[in-house]
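Being a predicted model, the structure only gives us computed values, none of them experimental. These values consider heavy atoms only, across backbone and side chains, with no hydrogens, waters or symmetry-generated copies.
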Amino acid sequence: MNPYSADFGPAPAGRLARTAALLSALLTAPAVIAQSSTEEPIELDRFVVTTQSQAQAAALDFYRASDALTSVVSADEIGQFVDQNAAEALQRLPGISVTRDQGEGRFVTIRGIESGLNTTTINGMRIGSSEDDTREVPLDLIPTGSVQRLEVIKVPTPDMPGDSIGGAINIASASAFDRPANTFSYRLGGTYSTLTKDLGPRLELGYSNVYGTDENLGLSFGLNYQDRNFGSDNHETEYDFLENAATGEDVLAPIESQYRIYDVNRERLGANFNLDYRPSDGNELYLRALYSRFTDAETRQRLIFVLEDGTLENVAGGVATFSDIEAGGFRKRVRFRTQDKDIIALAAGGKHQFENWTVDYQLGYSDAAEDAPDEIEGRFEYNGGDDLDATVTFGSGRPTIAISRAGSPDTSHATNADQELNRVVREAKFVEETDTNVSLNAARIFDLTSGKFTLKFGADGRFKEKDVDITEFEERDVPDLGLGRFTADLRTFPFGNFGEGISSAAFREYYETNRSDFAQRPRDVAENNLLNAIGDFSATEDVTATYLMGTYDTGPWRFIFGARFEDTDFAANGGELEIDADGDFTGVTPRRVTSSYDNFLPALHTRYSLGEDTVIRAAWSNTLARPSFGDLSPNALVNLEDSEVEAGNPNLDPYESTNLDLIIDWYLTDSGVFSAGVFHKDIDNYIVNFTSDTDPEFPGFDVERPVNGTSAEVTGFEFNWEQRLTKWSEALSGFLVGANLTVLDSKFTLAERPGETFDMPLASESVYNVYVGYESGPLSLRLSLNRRGEFLDEIGDDTDFDIYVTEHTQLDVTASWRVRPGLDLNIEVVNITNEPLELYQGRPGNNLQLEEYGPTINFAFRGSF
């Protein structure tokens with residue numbers, strides 16, 4: 001780790017070399033249940049036609065055959081929707097919602113449980129996270145073109161990893177034995193942003209075939225690429241208590257507001273390779289490889305109004321009037337950064353049957369990394385001399401701001417020529433997490449007079465390493481430089497007068513050309529070195545587990561029972577900041593922390609078949625979730641400007657959850673299903689962030705640390721219905737419909753807010769999806785609606801500072817026309833109604849953030865032959 005002297009060049013070398021070395025050593029991967037379908041694809045001159053109903057049937061068959069409570073999205077079903085990545089595809093399932101970045105789904109919440117408490121695997125192998133401070137796996141990293149099937153296991157059986165309080169997500173790539181022989185698939189198209197008027201290409205290619213005289217060697221591979229240009233318009237406002245000069249009382253009022261304009265280029269490159277060998281019946285070997293790279297280049301322009309730099313003259317009727325706002329309180333900033341995230345996942349596996357025995361084994365490796373080496377922001381301040389006044393209308397949604405001077409409207413603060421450079425801020429970040437997985441499982445079948453009993457046992461090890469290196473410094477010794485020389489055209493901004501646009505490229509070119517004119521002030525260097533050093537950490541986590549599980553089938557009943565034992569050893573290296581009696585930073589002391597704990601996780605699953613078409617499933621299970629590396633490690637991020645610290649807590653205990661589930665499935669004719677279920681989770685050692693101004697390690701700072709001590713519970717209802725309507729009426733032939741709904745009641749308490757009960761963060765009270773599809777001849781249509789209810793995002797000191805994300809309803813449409821066998825034309829419109837992202841502080845009228853993206857249009861020629 002570097003204490004200060006940041007290298008803003010490429011990521012540390014050696015990752016691909018280590019990956020190549022491990023590939024030759026991989027031996028195994030977990031067994032994957034093959035997907036089946038009640039409808040065979042139609043073959044016309046080797047062209048494979050996959051309809052909406054066939055895609056639905058494939059996913060339903062997988063769900064029906066599973067022992068665990070599992071939801072599935074197949075690749076063919078993904079193709080019927082308009083999703084850009086794995087996260088967006090998963091949001092169509094019951095109980096699933098997503099959090100978004102720039103309008104794209106990124107993190108997946110299962111049954112109201114935040115994504116950091118989920119497990120994510122690729123082809124059954126655990127993968128790491130490229131995030132620096134959480135266990136969340138950003139699924140916008142995985143393009144849908146790399147996916148054959150997405151599985152969400154909501155209640156694991158004892159032979160599955162136990163750290164999945166929300167659930168486990170498995171991303172499966174295609175085996176050649178899952179597809180017709182000698183199949184080539186393609187998608188050639190583009191994506192158009194209606195907000196930025198930009199067009200980018202999208203390409204997907206895939207091939208699979210079987211070889212050998214017995215057709216027992218299967219090869220499948222795919223490539224996909226997307227280059228997307230888009231953006232967003234944003235207005236953010238923060239509220240706090242200020243003294244009302246008219247009354248002398250403290251009132252809640254806007255203290256700062258920002259106009260933000262984002263322009264983003266995202267490139268996704270994905271590749272997957274599967275090799276399967278089945279030398280004889282009951283024996284198979286396979287190799288899986290998946291690579292995905294996500295590059296995000298983002299420019300952010302901001303106009304900032306620091307209202308609290310003036311005097312709050314009065315608040316009346318939702319109108320706040322400010323006078324004498326200092327000129328430096330009106331600021332323009334331009335930031336540019338590139339962010340490369342990639343993941344390499346490798347696994348090879350075997351499965352063998354010997355009479356009544358089945359043995360499978362695996363060894364896998366993944367490397368997930370984020371490299372953001374070049375973030376740079378130019379910070380400018382208004383130099384217009386005289387102070388300005390502001391009138392802000394707020395409390396009924398997005399605030400409006402009017403700036404004036406001596407009673408007359410004034411826009412000089414938004415003019416680039418009147419903004420002067422104050423400082424340049426540079427930041428670099430590199431995060432890498434590697435995971436090595438190994439497991440061995442054995443199962444023995446016993447035929448009993450009363451039924452069949454299967455005894456399964458095994459062991460696995462998961463060994464994780466994480467390294468985080470963050471460097472930030474401010475160059476405040478800068479030349480006299482006005483913003484006017486970097487003026488650029490600006491698209492129409494809908495929320496207010498932004499003034500002139502800023503060319504990020506021109507600013508960066510000037511900076512690099514005149515690099516010697518920018519420097520840190522000498523008095524800042526030593527302090528910045530110390531603060532950067534304590535933000536870095538490295539950590540290891542070794543988890544070894546054993547389990548014993550029995551499955552007993554008798555008549556219409558199936559019982560799965562057993563227990564899992566997991567042992568965890570954690571160690572981290574970081575730094576502890578030394579502060580003298582005067583509050584000055586004097587040094588950093590290296591610090592190593594360790595922890596070790598065991599978890600015993602019993603479970604009981606039952607399944608009862610009530611006739612051929614009705615299945616009742618119930619489960620009692622125990623799961624856990626480990627605290628994030630950032631929460632556990634002895635590191636800290638210090639904000640000197642606001643006297644704030646975010647610090648880790650090595651003494652945290654893991655989350656522990658006891659879960660109850662009951663679900664009834666009615667399988668309808670024509671590959672339909674109607675399901676209804678309830679679930680309940682009691683979670684101990686729930687972790688929340690606690691803020692204190694008396695922390696002995698950081699005197700004089702507001703220090704936020706994660707702490708245990710609270711409990712939480714979630715009770716929910718799930719409903720799902722999918723059906724073709726042909727049997728109802730011939731007039732409805734070709735129509736298919738689907739709907740799912742999840743309703744949650746979650747609660748937890750917080751010691752710092754006695755007497756109050758909160759909904760769990762990120763837990764929406766309701767999530768539902770509805771779609772209507774139609775197929776007739778060459779035409780295929782699908783209209784889909786996804787709604788996520790409001791949820792609590794952050795907890796503040798009191799109700800005035802709690803932050804909520806409002807409900808989000810998105811409407812998408814897909815249309816496909818079969819031009820000829822082997823060639824379909826697809827047109828998709830995403831977010832038809834331009835649904836924004838909206839947050840509020842304290843109460844709905846105090847809008848905190850409003851961000852719009854505009855509809856997106858995708859078009860493609862696609863097919864297979």
Side-chain angles (χ1 to χ4, degrees), residues 30-38 59-72 124 151 153-162 168 280-284 350-361 439-460 545-565 600-623 658-669 671 673-679:
V32 177
I33 303 174
Q35 174 178 297
S36 62
S37 173
T38 57
L60 180 60
D61 286 347
F62 189 96
Y63 167 73
R64 188 169 185 170
S66 64
D67 288 332
L69 295 182
T70 306
S71 297
V72 180
E151 306 159 15
I153 302 165
K154 297 177 180 177
V155 184
T157 50
D159 57 339
M160 301 176 183
S280 60
D281 290 341
N283 293 282
E284 60 182 272
K351 183 179 181 180
H352 310 280
Q353 293 181 347
F354 310 96
E355 296 183 352
N356 292 329
W357 283 93
T358 300
V359 175
D360 68 82
Y361 45 89
S439 70
L440 175 65
N441 305 285
R444 171 70 158 86
I445 298 175
F446 300 88
D447 291 317
L448 309 176
T449 56
S450 58
K452 183 173 67 175
F453 177 71
T454 301
L455 178 66
K456 187 176 182 181
F457 54 92
D460 60 76
T546 58
Y547 71 89
L548 181 66
M549 185 178 81
T551 302
Y552 178 55
D553 292 287
T554 178
W557 288 95
R558 168 169 287 187
F559 298 94
I560 300 174
F561 50 90
R564 185 176 186 86
F565 179 81
F600 179 68
L601 307 171
L604 172 63
H605 295 242
T606 62
R607 171 175 172 159
Y608 179 72
S609 298
L610 187 64
E612 294 184 358
D613 299 323
T614 304
V615 174
I616 303 173
R617 306 173 193 241
W620 165 71
S621 61
N622 290 269
T623 52
T658 300
N659 319 295
L660 297 172
D661 292 82
L662 174 66
I663 188 168
I664 304 174
D665 300 316
W666 290 272
Y667 297 99
L668 311 174
T669 57
S671 300
V673 66
F674 182 94
S675 301
V678 295
F679 60 89

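The minimum heavy-atom distance between S450 and Y552, with the atom names listed, is OG-OH, 2.6 Å. Across all their heavy atoms, V155 and S621 have their closest contact at CG1-OG, 3.6 Å. The two residues G562 and P158 come nearest to each other via the heavy atoms C-CG, 3.9 Å. Closest heavy-atom contact between F561 and L604: CB-CD1, 3.8 Å. The shortest heavy-atom contact between P602 and N622 is O-ND2, 3.0 Å.
A distance of 10.0 Å separates CH2 of W620 from NE2 of H605, quoted to the nearest 0.5 Å. In this structure, L455 CG and N356 CG are separated by 12.5 Å, a value rounded to the nearest 0.5 Å. The CZ atom of F559 sits 11.5 Å away from atom OG1 of T551, with the distance rounded to the nearest 0.5 Å. Distance CZ/F457 to CZ/R444: 10.5 Å, rounded to 0.5 Å. Annotation: the span from R558 atom CZ to D553 atom CG amounts to 4.0 Å, rounded to 0.5 Å. Rounding to the nearest 0.5 Å places OG1 of T623 at 12.0 Å from CZ of R564.
Looking at heavy atoms from C-beta onward, I616 lies out of side-chain contact with T606 at the 4.5 angstrom threshold. Side-chain contact check for M160 versus I153: some heavy-atom pair is nearer than 4.5 Å.
Side-chain contact of D460 with Y547: a donor-acceptor pair under 3.5 Å is absent, judged by distance alone.
Note on ring orientation: taking the six-membered ring where Trp is involved, the planes of W557 and Y608 are tilted (angle from 30° to 60°).
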| request: Give the intermediate values and the outcome of side chain to side chain contact (heavy atoms under 4.5 Å, CB included) for residues R617 and D661. | output: CA-CA 8 Å; R617 306 173 193 241; D661 292 82; over 6 Å; no

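Looking at T554, its side chain never comes within 3.5 Å of a backbone N or O of G451 through a donor-acceptor pair. Judged by distance alone, the side chain of N441 and the main-chain N or O of G458 form no donor-acceptor pair under 3.5 Å.
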